[in-house]
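Okay, so here's the structure we're looking at.
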Amino acid sequence: MLAVFWPGLNAAPPGNYPERSMEDEYRQVTIELRYVGAAGAAEYLAPDLNGRVALPPMLGLTPYAVDRSWVSRDTWEVAPDCYVVRDGDGRVRTSISCDSREYMPDGLMMVDGRLVRSIGDRVATCRHSVVDVEGAWLLR
């Protein structure tokens, strides 16, 4: 895995972990590269959308919400928000899952060009996965 820092996605200098600030922790983006093989690359990426309903697209993504008539109430809070981009053949090319925005506000905001805590005791997280089907690589 590679840790880089938002917004420039630059790597931290080697050995500076003890010197990092809390803001550095908020800005850290972890990148994982996996070889998944060409045959199953798109299937590896596709999220389980059972118990979800597609909502109108926004910002180029199709959100999938938990179908509350089908999923038990105790699952609502822990079920992540899912967003998907498909290619012309319907295969998933990008998948994003985030802590539920209804139950876990972002927790961070920009103030004078810096990330600072906004509310609550937790910071929401997201996982963004992209597959290079031709090269058979998963970037997560």
Side-chain angles (χ1 to χ4, degrees):
M1 285 200 248
L2 172 67
V4 296
F5 294 91
W6 177 87
L9 300 184
N10 300 314
N16 85 331
Y17 186 79
E19 302 166 11
R20 292 184 193 164
S21 67
M22 202 58 180
E23 183 188 3
D24 288 339
E25 293 301 315
Y26 299 149
R27 297 182 318 114
Q28 183 172 312
V29 176
T30 304
I31 298 173
E32 176 184 351
L33 186 63
R34 290 187 191 175
Y35 181 74
V36 294
E43 291 74 22
Y44 186 86
L45 175 64
D48 180 8
L49 298 175
N50 289 329
R52 296 182 176 273
V53 292
L55 301 176
M58 60 183 221
L59 303 173
L61 302 165
T62 302
Y64 284 83
V66 171
D67 181 352
R68 293 185 175 185
S69 67
W70 189 78
V71 176
S72 67
R73 184 174 186 85
D74 60 342
T75 305
W76 296 358
E77 192 170 330
V78 296
D81 292 339
C82 293
Y83 306 87
V84 170
V85 174
R86 297 179 187 274
D87 66 13
D89 296 325
R91 292 178 299 215
V92 175
R93 290 296 185 226
T94 296
S95 171
I96 300 172
S97 65
C98 300
D99 291 332
S100 172
R101 66 176 172 228
E102 184 175 349
Y103 296 100
M104 174 71 66
D106 288 342
L108 296 174
M109 61 185 188
M110 291 291 294
V111 174
D112 297 327
R114 297 183 60 217
L115 283 174
V116 296
R117 293 295 296 265
S118 57
I119 57 171
D121 59 348
R122 291 184 57 200
V123 175
T125 60
C126 289
R127 182 177 200 128
H128 185 166
S129 301
V130 180
V131 167
D132 168 16
V133 175
E134 289 75 27
W137 289 96
L138 170 73
L139 181 63
R140 178 169 276 166

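Note that these values count all heavy atoms, side chains included, but never hydrogens, waters or copies made by symmetry. By convention here, the first residue in the shown sequence is residue 1.
- What you find for Tyr83 and Met58 is that their closest heavy atoms are CE2-CE, 4.0 Å.
- Taking both residues in full, the closest heavy atoms of Pro80 and Arg52 are given as O-NH2, 2.6 Å, listed atom of the first, atom of the second, then distance.
- By the side-chain hydrogen bond (donor to acceptor under 3.5 Å, both in side chains) test, Asp112 is found to be paired with no residue, residues two or more places apart in sequence or in another chain being considered.
- Expressed to the nearest 0.5 Å, how far CG of Leu55 lies from OH of Tyr64 amounts to 9.5 Å.
- The list of salt bridge (Lys or Arg N to Asp or Glu O under 4.0 Å) pairs with a residue in residues 8-23, not counting sequence neighbours, reads Glu23-Arg114.
- Here Glu25 pairs with nothing under the side-chain hydrogen bond (donor to acceptor under 3.5 Å, both in side chains) rule; sequence neighbours left out.
- Distance check: Leu115 CG to Met22 CE gives 12.0 Å after rounding to the nearest 0.5 Å.
- Both Met110 and Val29 are assigned to one and the same hydrophobic cluster, defined by single-linkage of ILVMFWY side chains at heavy-atom distances under 4.5 Å.
- Residues passing the salt bridge (Lys or Arg N to Asp or Glu O under 4.0 Å) test with Asp87, sequence neighbours excluded: Arg91, Arg93.
- Considering only residues two or more places apart in sequence or on other chains, Ala11 meets the side-chain contact (heavy atoms from CB on, under 4.5 Å) condition with none of them.
- The side-chain contact (heavy atoms from CB on, under 4.5 Å) check on Val85 picks up Leu61, Thr94, with sequence neighbours excluded.
- Under the 4.5 Å side-chain heavy-atom criterion for grouping Ile, Leu, Val, Met, Phe, Trp and Tyr, Phe5 is not connected to Leu2 through any hydrophobic cluster.
- Grouping the Ile, Leu, Val, Met, Phe, Trp and Tyr side chains by contacts below 4.5 angstrom, directly or via other members, places Val53 apart from Ile96.
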